[in-house]
> 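A single structure is presented below for examination.
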Protein chains: 2
Amino acid sequence: MTPTIKDVAQKAKVSIATVSLVIHNNEKISYETRMRVNKAIKDLNYHPFRSARGLASRKTGNLAFIVTEDHFLRSEPFYTHIFLGAEFEARQNEYYILLTIIRSDFKQGDRLPRCIVERNVDGIIFAGKVPQDIISCLEKYELPMAFVDYYPPAENYPVVLIDNFSGGMQAVQHLSALGHRHIAFVAGDIQHPSIRDRFQGYKVALENAGLSYSSKMSIIDEAYPARENGYSAAKRLLRDNKNVTAIFSCNDAMAIGVMQFLKESGLRVPEDVSLIGFDDVDAGLSLDPPLSTIGVPKLELGGEVMRLMADMLNNKVKSPKKVLVPVELIKRKSTAEVKIS
Amino acid sequence: MTPTIKDVAQKAKVSIATVSLVIHNNEKISYETRMRVNKAIKDLNYHPFRSARGLASRKTGNLAFIVTEDHFLRSEPFYTHIFLGAEFEARQNEYYILLTIIRSDFKQGDRLPRCIVERNVDGIIFAGKVPQDIISCLEKYELPMAFVDYYPPAENYPVVLIDNFSGGMQAVQHLSALGHRHIAFVAGDIQHPSIRDRFQGYKVALENAGLSYSSKMSIIDEAYPARENGYSAAKRLLRDNKNVTAIFSCNDAMAIGVMQFLKESGLRVPEDVSLIGFDDVDAGLSLDPPLSTIGVPKLELGGEVMRLMADMLNNKVKSPKKVLVPVELIKRKSTAEVKIS
DNA sequence: TGTTTCTATTAAAACGTTTAACTGACGGTT
DNA sequence: AACCGTCAGTTAAACGTTTTAATAGAAACA
């Protein structure tokens with residue numbers, strides 16, 4: 001049988017309470033006993049039994065990472081990276097993360113994630129846009145909560161967000177610096193806060209560059225920002241705007257669809273049309289030409305939210321922090337100087 | 001406070017043992033009491049406390065999913081998909097999966113994953129090639145083990161493997177059916193069982209097609225099968241073999257590098273050289289031209305290994321099953337009829 | 001020397017389940 | 001009428017920790 005705290009106590013000739021105190025670095029234990037106990041722990045290769053700990057202390061050492069299935073599957077590489085970033089950081093903090101995928105149409109009364117109702121987590125991380133109903137339902141459990149890449153309206157929790165506004169500006173600045181004066185914007189689900197901010201950045205940068213914003217140059221009513229919708233958005237855009245020389249796509253997934261349509265229409269990238277995305281997903285690199293984009297440090301996002309969570313769990317709370325993670329322009333081959341015509 | 005089994009017992013006017021028996025569907029409980037208890041459970045919105053269960057029953061409801069960091073990060077989309085497949089199936093079986101990333105140079109004596117030493121899992125799934133040392137170390141914990149996409153030599157555990165041999169054959173059959181007679185093979189780490197099997201399939205299919213195998217046409221000594229090594233492998237291959245008209249790459253990652261080199265050398269795909277990969281990763285789709293490949297049902301692989309694990313945990317063990325998951329040829333645009341020269 | 005204060009350690013209760021052994025009631029067999 | 005089995009449920013111990021309150025012993029003080 002694997003050894004228990006009792007075995008350690010016996011071997012070190014102390015009570016089990018002392019062993020427990022040593023494990024928790026209680027400073028009241030004398031140096032000698034501490035050493036004796038530590039030696040016994042090592043000799044026996046003792047490790048406390050997680051379940052027993054959980055029962056006694058009500059701490060499980062687990063965290064829930066909640067994301068909707070369409071976010072996770074549709075834009076998978078993106079949220080997967082955030083998950084991994086959190087997972088790596090969690091390891092440093094001695095936590096395990098329970099990946100919990102929910103439906104994006106969650107409604108009050110639906111069954112809640114099992115790990116939460118069974119009180120098998122110490123806190124909850126929400127990644128991406130998540131239905132308000134589940135947030136309300138979970139608030140009752142009084143667990144620490146943190147958000148990444150989404151922030152519910154009118155709540156007060158720690159949050160890690162991408163600097164989408166700045167990213168949108170950088171993309172447009174890059175294009176206008178290349179001499180483009182007819183810069184279009186392509187997006188889906190403009191309700192989404194991230195995309196709205198990118199759009200804002202687009203508009204402000206346009207203005208800064210002395211270019212006028214025209215709603216005809218913005219396709220913002222596609223269902224969601226995925227490849228196929230990029231294709232159809234580009235189709236609509238170019239039907240009505242023959243003079244477009246540059247397109248800023250709200251993310252790489254749509255940009256891939258845009259590029260596909262451009263090629264099929266006989267337009268060369270970047271010679272005829274410059275194209276820039278947002279997110280820097282792997283696939284952009286294998287495109288021909290490789291996609292210029294706004295790089296988002298996804299692992300970093302996950303790590304940062306995990307750190308915020310750890311702070312809460314260690315009661316270093318202060319007031320809930322908001323972190324804005326910077327993004328960077330990545331110039332590849334899909335953007336170039338405008339053609340003089 | 002959240003209700004406990006005691007509250008339920010009180011409300012239903014039975015002992016806590018009866019409540020527990022009802023929860024576990026013990027057939028000794030009469031219909032009437034069962035109903036009464038179930039009503040109380042529902043009314044109170046009672047859920048058993050996972051940690052307490054774990055302590056009493058020694059079942060945690062968790063599983064470890066072990067993968068090396070380089071597998072997971074390098075060929076990330078691949079093992080991530082397997083992980084997700086397992087995760088989805090785990091949900092059906094009421095398990096949570098603890099993702100556990102280890103170093104690929106794990107040696108006896110290194111610190112073992114925390115979730116295992118703290119006995120916080122009921123079983124272990126190994127994904128991809130994993131150091132023998134960690135297998136040996138973990139055997140001592142007497143947990144059920146299963147493997148996916150790798151099988152340790154001389155062991156006897158349930159396992160789910162890709163039908164790599166058949167995949168290799170299919171790739172080459174496809175190319176030879178298109179009239180190619182100079183078909184090269186490109187790989188890294190030929191020690192790896194999966195790659196070795198693909199290589200075998202290549203050789204056998206060559207023979208079946210009446211083509212002779214030449215070691216000059218196989219680059220099998222790259223360090224690992226990643227994009228950059230595909231690039232260098234293609235460079236070496238084409239330096240020594242001007243007559244190659246088709247290349248079978250051991251996976252898509254390398255194929256991407258191969259394609260990049262071909263283009264840079266002024267060779268057109270598929271007009272001058274046909275190219276086929278293996279795995280069907282997302283990036284292959286966005287290539288220009290889209291990559292023909294051998295499709296591997298990654299989610300399915302994960303789901304299948306999870307099912308094997310569930311069978312073991314429910315003591316439906318029988319003898320350890322081996323499952324071979326079939327693959328399918330996906331024809332896209334990177335392969336075409338050989339040019340008559 | 002006796003009293004107080006302080007420190008290192010311990011005893012014991014508590015956490016919420018599971019489960020083996022037990023009980024009491026009832027019906028059927030001798 | 002005594003016995004036996006079966007059924008439906010209960011009693012109570014056990015699981016391995018944490019944590020609070022208690023305690024013994026040493027040191028400090030008068």
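Quick note on labels: first sequence line is chain A, next is B, and so on, each numbered from 1.
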> Check whether B:D189 reaches the backbone of B:Y224 with its side chain - one donor and one acceptor, N or O, closer than 3.5 Å.
no
> Rounded to whole Å, how long is the line connecting atom CG of A:L55 with atom P of C:dA13?
17 Å
> Would you work out how much the helix from C:dT1-D:dA30 to C:dT30-D:dA1 bends between its ends, with each end axis defined by five base pairs, to 10 degrees?
70°
> Whole Å only: how far is the CZ atom of A:R58 from the P atom of C:dT17?
9 Å
> Between A:K298 (side chain only) and A:V296 (backbone N and O only), is there a donor and an acceptor less than 3.5 Å apart?
yes
> Whole angstrom is fine here: how far is it from CZ in A:R34 over to P in C:dA8?
10 Å
> Looking across every strand, which nucleic acid part, if any, lies under 4.0 Å from A:S51 by heavy atom: base, sugar-phosphate, or nothing?
nothing
> Can you pull the contact range of chain B along DNA chain D, 5' to 3', using atoms under 4.0 angstrom from its heavy atoms?
D:dA8 to D:dG16
> Specify the separation, in whole Å, of atom CD of A:E27 and atom P of C:dC6.
16 Å
> Establish, with yes or no, whether the OP1 or OP2 oxygen of C:dT7 is under 4.0 angstrom from a side-chain nitrogen or oxygen of A:Y31.
no
> Heavy-atom nearest nucleotide on DNA chain D for B:S15 versus B:R119: which residue maps closer to 5'?
B:S15
> Write down the protein N/O and nucleotide N/O pairs, taken from nucleotides 23-27 of chain C, whose separation is under 3.5 Å; answer none if there are no such pairs.
none

> Is a side-chain donor or acceptor of A:T100 paired with a backbone partner of A:L98 at a separation under 3.5 angstrom?
yes
> Is it true that a side-chain atom of B:N93 and a backbone atom of B:A310 form a donor plus acceptor pair closer than 3.5 Å?
no
> I'd like a list of close polar pairs between nucleotides 19-21 of chain C and the protein, N/O only, cut-off under 3.5 Å.
none

> Is the backbone N or O of A:I29 less than 3.5 Å from a side-chain atom of A:T33, with the two atoms forming a donor-acceptor pair by type?
no
> For salt bridge (Lys or Arg N to Asp or Glu O under 4.0 Å), just list the numbers for A:K11 and A:D7, CA-CA rounded to whole Å, side-chain angles, deciding distance to a tenth of an Å, and then say yes or no.
CA-CA 6 Å; A:K11 180 145 204 198; A:D7 301 318; over 6 Å; no
> What pairs with B:T68 under side chain to side chain donor-acceptor pair (under 3.5 Å), at least two apart in sequence or on another chain?
B:D70, B:H71
> Is it the case that the side chains of A:Y79 and A:D149 hold a donor-acceptor pair, with the cut-off being a distance below 3.5 Å and no angle test?
yes
> Please check if the side chain of B:N45 supplies one atom and the backbone of B:K42 the other of a donor-acceptor pair under 3.5 Å.
no
> Testing the 3.5 Å rule here: is there a donor-acceptor pair between the side chains of A:Q132 and A:E155?
yes
> Can you name the residues that form a side-chain contact (heavy atoms from CB on, under 4.5 Å) with A:N156, not counting sequence neighbours?
A:Y151, A:P320, A:K322
> Look only at the side chain of B:T18 and the backbone of B:V14, and say whether a donor-acceptor pair between them is shorter than 3.5 Å.
no
> Please tell me which of B:K13 and A:R53 maps to the more 5' nucleotide of DNA chain D, matching each residue to the nucleotide holding its nearest heavy atom.
B:K13
> Tell me whether B:D122 contacts the main-chain N or O of B:G61 through its side chain, where contact means a donor paired with an acceptor under 3.5 Å.
yes
